[in-house]
Amino acid sequence: MRVKAKLYPKEAARLLREQPGVREAVTGATLHFEANRKRAYQEIDAEAWRERARRVKDHLLTHLDHYLELAEKRLQEKGVQVHWAEDPEEAHRILREIVARHGVKRAVKAKSMLTEELGVNPLLESLGVEVYETDLGEYLIQLLGEPPSHIVGPAIHLALSDIQRLFHQRFGTPLDASPEALAAVARKVLREAFLTADLGISGANFLVAETGTLALMENEGNIRLSTSLPRVHVAFVGIEKLLPRFADLALFLPLTARAATGQRLSTYVSLIQGPAKEGEEGPQEVHVVLVDHGRTALLHDPEAWEVLRCLRCGACLNACPVYRQTGGHPYGYVYSGPIGAVLDPGLLGLEDTYPLPYASTLCGACYEACPVKIPIPKLLLAWRNRAVERGLAPTWEKGAMQAFAKVMQSPSLYRLLSKALRGFPLPQDLLPLLKAWTEGRGPLQPSPKPFHQLWQELKE
Amino acid sequence: MRVALFITCLADQFYAEAGVATVRLLRALGVEVDFPEEQTCCGQPAFNAGHWNEARHLAQRTLGIFQDAEYVVLPSGSCASMVKNHYLELLPGDGEALRLSEKTYELSQFLVRVLGVTELGKGLQGKTIAYHHGCHALRELGVKEEPLLLLKNSGAEILPWEAAEECCGFGGLFSVKLPEVSLAMADRKISTLPKADALTSTDAGCLLHLTGRMGKQGRNMRVVPLATLLWEAYAG
Ligand code: SF4
């Protein structure tokens with residue numbers, strides 16, 4: 001996928017101006033999810049669950065080599081073919097071979113952010129394979145040719161009327177078709193695809209090292225169908241998605257569901273233990289592609305590695321008042337919102353994602369929501385500091401900060417500025433920084449006298 | 001008891017009255033108040049924007065100024081958090097930073113937790129108030145109940161506000177780096193704001209941003225720093 005993160009400020013502004021409906025749709029949906037999460041956290045000792053989950057993940061990440069080897073061994077014992085892909089090119093090569101070997105004509109896909117990261121759909125299309133996204137939201141944005149706008153709810157930015165219009169154009173449904181009627185149309189198309197596809201593609205919420213078990217969570221049932229009906233199943237798994245023990249699922253499945261949607265558990269959980277055995281129904285071949293794509297490098301970064309705990313639950317997006325205004329598209333990459341702002345620089349490099357660490361007010365709502373306690377504000381600050389050190393900050397900002405520090409280090413300069421602020425009216429609209437402020441909020445009006453002057457009167 | 005006041009640059013320039021109110025209130029409660037006159041800014045704007053060298057110099061300066069204070073009190077949640085939490089990240093292993101951290105409080109936090117004062121007077125009897133939880137006060141300092149308690153006990157009614165704990169979109173440099181998003185966030189806050197006699201918060205930055213935005217929209221409402229209201233609670 002093309003990375004457009006550099007355009008973030010412009011794109012966010014443009015979207016707010018030109019597509020106000022997105023803001024409405026995203027705000028409504030995220031507030032709803034956020035309220036559900038809060039309620040679901042209240043039912044448990046959330047602090048204890050989160051702390052436990054954090055520790056399990058930290059243990060995993062600090063012993064990742066061991067668990068990756070173990071997972072590979074267990075998967076192979078179960079008859080799963082294990083592949084390693086360091087980057088999207090390697091992942092493509094692996095998939096291309098599978099497609100060629102099986103003469104794949106049609107593939108069904110279960111929603112997976114990693115396959116977005118790898119550009120699996122464009123690859124398959126280039127190979128002449130017909131690809132169907134089978135998660136309803138993902139199917140909608142596939143029809144529209146858009147990237148996902150949210151980790152869990154890819155079509156969160158669409159209003160019902162957008163979908164009605166889309167289906168009207170594509171399938172000739174009436175413009176006022178009910179959500180049920182629309183879902184029925186999609187179901188019909190997708191059912192046909194499930195029954196005729198030769199390849200099923202998925203990601204994984206978790207891969208248990210101890211047992212070589214893939215765990216997948218969903219509410220629609222399409223993941224179960226994608227991974228069980230076609231004769232070949234390929235799962236792309238980020239190397240950070242492992243869990244040490246099978247028993248860890250007892251914590252991570254319900255915690256993820258609570259964080260993501262406020263459910264106690266998702267409607268379906270699939271635990272995949274290799275291809276079908278003699279006399280069983282199910283895929284004859286299961287492939288697991290373990291993908292690095294920048295993760296090992298991140299793991300060795302002492303200031304940024306904590307982001308690898310991420311479960312992709314999307315809770316931080318739902319809690320984020322910045323994300324809420326625009327949805328995910330302006331962020332310019334697969335991962336948006338608070339997690340995107342700290343993950344994308346790690347995966348893609350800070351140079352190509354520079355403005356993202358600034359896509360936050362540091363309000364801390366993301367950290368409060370995160371089921372594995374990723375200190376997102378702290379990571380944002382670390383990336384910002386790096387950006388400044390690497391000279392990525394714009395010249396005006398550097399100048400302003402240096403001037404600011406200079407004034408603030410000298411009480412006499414500070415007092416002088418304080419006098420100037422009141423002495424003559426500043427052309428606030430002409431100064432670039434002030435203009436950005438005054439346009440939406442009117443001119444700054446200082447107190448008639450600053451406190452340090454009033455203090456002289458209070459002293460007596 | 002002696003308190004050194006850190007008034008912070010934004011309040012000094014834009015909410016000087018809140019500083020006066022803080023002094024009057026603390027004195028009325030029997031506390032001696034110092035105002036070290038060399039103080040300027042805690043360095044938060046530079047720190048948050050990633051300019052840590054600049055922030056570090058300002059932090060070191062502040063450490064020197066408040067070295068001998070018994071307590072340091074700020075009428076601002078985010079500056080208090082900067083001193084209390086982030087100086088430790090900026091100057092790891094610095095003993096002075098740790099000592100300053102331990103003796104630093106946001107005003108309402110100081111009143112309730114250190115002085116044990118939960119009732120100031122009945123000066124706000126019958127007033128309705130909308131309280132905006134500044135993010136750093138709320139999530140970094142854990143100041144949530146203290147201001148509400150003090151306001152309620154002085155007779156004020158805190159109106160329910162669905163967005164009370166949501167960020168207003170100020171965020172320091174964020175407000176000028178991403179002005180459109182910042183304003184959209186303010187608009188969401190304002191659109192859900194109940195009709196109250198006053199809107200208040202611990203943070204000057206949030207108030208400046210919200211007041212400005214409301215002014216642009218022609219919405220008139222009294223917007224005052226918490227310190228001012230707390231003084232009114234006491235003095236009537
Ligand atoms: S950072 Fe935390 S809250 Fe956000 S998607 Fe990852 S696990 Fe969920």
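In this structure, B:Leu173 and A:Tyr358 have side chains that are not in contact, with every pair of non-hydrogen atoms separated by 4.5 Å or more. Residues B:Pro45 and A:Met408 have side chains not in contact (no heavy-atom distance under 4.5 Å, counting atoms from C-beta outward). For the pair A:His452 and B:Gln13, the minimum side-chain heavy-atom distance is below 4.5 Å. Between A:Gln445 and B:Thr211 the shortest side-chain heavy-atom distance does not fall below 4.5 Å.
Residue contact with chain A, scored on non-hydrogen atoms closer than 4.5 Å, is absent for B:Leu138. For A:Trp455, the part lying under 4.5 angstrom from a heavy atom of chain B is the side chain only. Residue A:Arg23 touches chain B through its side chain alone, counting heavy-atom pairs closer than 4.5 Å. Heavy atoms closer than 4.5 Å to chain B are found in both the backbone and the side chain of A:Leu458. At a 4.5 Å heavy-atom cutoff, A:Glu34 makes no contact with chain B through either its backbone or its side chain. Residue B:Cys168 does not touch chain A at all, counting heavy-atom pairs closer than 4.5 Å. Contact annotation for B:Tyr15: only backbone heavy atoms (N, CA, C, O) come within less than 4.5 Å of a heavy atom of chain A. Contact annotation for A:Ala387: neither backbone nor side-chain heavy atoms come within less than 4.5 Å of a heavy atom of chain B. Both the backbone and the side chain of A:Gln409 come within contact range of chain B, judged by heavy atoms closer than 4.5 Å. Both the backbone and the side chain of A:Lys398 come within contact range of chain B, judged by heavy atoms closer than 4.5 Å. Contacts of A:Ser360 with chain B are made by backbone atoms alone, with heavy-atom separations under 4.5 Å and no side-chain atom involved. Proximity to chain B (any heavy atom under 4.5 Å) is shown, for A:Arg17, by neither the backbone nor the side chain. The contact between B:Arg188 and chain A is made by backbone and side chain atoms together, counting heavy-atom distances below 4.5 Å. Of the atoms belonging to B:Val176, heavy atoms from both backbone and side chain fall under 4.5 Å from chain A. Only the backbone of B:Asp34 comes within contact range of chain A, judged by heavy atoms closer than 4.5 Å. Looking at B:Arg61, the atoms closer than 4.5 Å to chain A (heavy atoms on both sides) all sit in the side chain, from C-beta outward.
Atom CD in B:Glu38 sits 12.0 Å away from atom OG in A:Ser410 (nearest 0.5 Å). If you take SG on B:Cys9 and OH on A:Tyr414, they are separated by 5.5 Å, rounding to the nearest 0.5 Å. Rounded to the nearest 0.5 Å, atoms CH2 (B:Trp52) and CZ (A:Arg386) are 9.5 Å apart. The CD atom of B:Glu37 sits 6.0 Å away from the CZ atom of A:Arg415 when rounded to the nearest 0.5 Å. For the atom pair A:Cys363 SG and B:Glu140 CD, the distance stands at 10.0 Å (nearest 0.5 Å).
The closest donor-acceptor contact from the side chain of B:Arg139 to the backbone of A:Tyr367 lies at 3.5 Å or more, if one exists at all. A donor-acceptor pair under 3.5 Å links the side-chain atoms of B:His136 to the main chain of A:Leu362, judged by distance alone.
Each of B:Met185, B:Gln217, B:Arg213 has some count of heavy-atom pairs under 4.5 Å with chain A, and the biggest count is that of B:Met185. Ranked by heavy-atom pairs under 4.5 Å with chain B, the first of A:Gly442, A:Pro355, A:Ser418 is A:Ser418. Ranking A:Ala436, A:Gly440, A:Gly364, A:Pro411 against chain B, the residue ahead of the rest is A:Gly440, based on heavy-atom pairs under 4.5 Å. Among A:Lys449, A:Lys378, A:Glu397, A:Glu457, the residue with the largest count of heavy-atom pairs under 4.5 Å with chain B is A:Glu397. Comparing A:Leu454, A:Leu15, A:Leu381, A:Leu16 by heavy-atom pairs within less than 4.5 Å of chain B, the highest count is held by A:Leu381. Note: A:Arg441 leads A:Arg441, A:Arg384, A:Glu368 in heavy-atom pairs under 4.5 Å with chain B. Of the listed residues (B:Asp187, B:Ile7, B:Asn48, B:Leu5), the greatest number of heavy-atom pairs within a distance under 4.5 Å of chain A belongs to B:Asn48. Chain A forms more heavy-atom pairs under 4.5 Å with one residue of B:Glu89, B:Lys216, B:Glu180 than with any other, namely B:Lys216. Most heavy-atom pairs under 4.5 Å with chain B: of the set A:Pro446, A:Ser447, A:Ala405, this distinction falls to A:Ser447.
The two atoms that bring B:Gly50 and A:Asn385 nearest to each other are O-ND2, 3.0 Å, heavy atoms only. Smallest separation of non-hydrogen atoms from A:Tyr354 and B:Lys177: OH-NZ, 3.3 Å. Heavy-atom minimum distance, B:Ala49 versus A:Met401: CB-CE, 4.1 Å.
Taking the six-membered ring for Trp and thresholds of 30 and 60 degrees, A:Phe451 and B:Phe35 have ring planes more than 60 degrees apart, a perpendicular arrangement.
Within residues 321-330 of chain A, the residues having any heavy atom less than 4.5 Å from a heavy atom of chain B are, in residue-number order, A:Pro321, A:Val322, A:Arg324, A:Gln325.
Counting heavy atoms of neighbouring residues, nucleotides and ligands inside a 6.0 Å radius, atom CZ of B:Phe66 exceeds 12 of them.
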Inset, instruction - Could you check B:Glu54 against A:Val388 for side-chain contact (heavy atoms from CB on, under 4.5 Å), going step by step and ending with a plain yes or no? - result: CA-CA 11 Å; B:Glu54 282 80 0; A:Val388 169; 5.7 Å; no

